[in-house]
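Computed from a predicted model, the values in this text were never measured in an experiment. Only this structure's heavy atoms are used, side chains among them; waters, hydrogens and symmetry mates stay out. Remember, it's 1-based here, ligands and their atoms both numbered in the order they're listed.
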Amino acid sequence: MTLDAEARAILAGNDRGGYTVPTAGLYPYQWNWDSVFAAIGFAEHDRARAWAEIETLFSGQWPNGMVPHILFHKVDPSYFPGPDVWGGIGPVPSSGISQPPIAATFIRCLFEQDRALGAAHLRGLIPRLRDWHRWFLQWRGEGGAICVSHPWETGRDNTPDWDAPFAAIEPVGVEEYRRRDTSHVVEDERPRAYDYDRYLYLVKLGRESGWDEAHIKAVSPFRVADPTMTFTLLRANRDLLALSREAGEPTDEIERWIAEIEAGAEQLWNPDIGAYDCLDIRTGQHSGVISNASFLPWYAGLRDDRMLAHFTRIRGLTRFSVPSTDPAHPAYEPRRYWRGPVWAMMNMLIAMGLDEAGHGDLAADLRQNTAELIATGGFAEYFDPRDGSPAGGRNFTWTAAVWLAWASPTTEKSTCPASS
Ligand code: DGY
């Protein structure tokens, strides 16, 4: 089987009818940004299915605008923490936190691929995207830098960015629990028990408040401004603005958000290391970690080349790029989830940005490197940067989707329009 055929078979195998699971067993539900990647993968051969994926995701939107990070359409005991632990309050059983808002950006790609088909879907989706983005600004915005109330919200669960804020949390009152992830994946490739205790402590805090965002914002020990959220939301707002103009929808509010985040993103610049990193709002401390998310300012449409020297330095440190943590950082662990491994979908976002910012050579190199990575390690969840060996889950939706939509040598240049 060719890699293209294998990737399509993975999408088909993970399709549960209207939504796609990231991979069976380890992640048996609909995850927010995984689903958006699934949609662009489907779009290569089935555009109607791509739109259905997005619409199922938004069927779980909460009345306050939040689009959850997990939708539990059908209970599956192979995953923990499930719907009871979360106690989500939306129309579909769900988690109580969100995930990086890449939907507007890839909805715009789908629309550009087939405007006639897209126009009908846009009408319903634009107000939903607006409500979601407004929720981020209202509850996660700190002067235009976008925060998270839980590490899972960034998708970068156990990055060393959280080490300092986590050290300040005493996970008291967490009931006994049994992890399921380590029955699917070896322990060394997953977060430690120390991290899980704190993940569950933060879930409990949110659930017990009835997911009252004002309360969480006031009392949670974990409130960290993060480059993934800040840069994906900035980019998403630019794309929502373009879509709204197209559809004759209001734009003033979106223009304000863009200006606010453009200014606020500067708070993530850490002069001590000369890089974007995380900012702990509770302590005012930067994390001091260069992660793959530090390379998203180009994707956000910022014409800012201050990360370029770090990019080329890190590109030279391992055979496969971009490691999720700078290999020169003492916390780097090349196989442990977000503490070192390469993630193909992050590479796609970084390369989109590089390309648009006039660094087409670096974008092409990263695409080629990612294609070799997938050819070496298969459609894994993530990869060891030293040799491309697979880690985490297998038959992974977003790796297959990113192959089809971007990395495969048979893929034409991306149809995603530039952000600005
Ligand atoms: C997990 O369970 O590992 C997920 O990353 C949470 O979203």
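Using a 4.0 angstrom heavy-atom cutoff, Tyr337 counts as in contact with ligand 1. At least one heavy atom of Asp157 sits less than 4.0 Å from an atom of ligand 1. Taking a 4.0 Å cut-off on heavy atoms, Tyr79 registers as neighbouring ligand 1. Using a 4.0 Å cutoff on heavy atoms, Trp31 counts as a contact of ligand 1.
Screening Tyr337, Tyr199, Tyr194, Phe222 against Trp162 for a ring pair (Phe, Tyr, Trp, His ring centres under 6.0 Å) leaves a single residue, Phe222.
Looking only at heavy atoms of the protein, atom 7 (O) of ligand 1 is closest to His69 NE2, 2.7 Å.
Both tests do not hold together for Arg128 against Phe58: distance to the six-membered ring centre under 6.0 Å, angle to the ring axis within 45°.
The environment of CD in Glu187 is sparse: at most 12 heavy-atom neighbours from other residues, nucleotides or ligands sit within 6.0 Å.
With no hydrogens or angles considered, a side-chain donor-acceptor pair links His310 and Arg313 at under 3.5 Å. For the residue pair Asn158/Trp338, the side-chain donor-acceptor check at 3.5 Å is not satisfied.
Only side-chain heavy atoms of Arg190 come within less than 4.0 Å of ligand 1; its backbone N, CA, C and O stay farther off.
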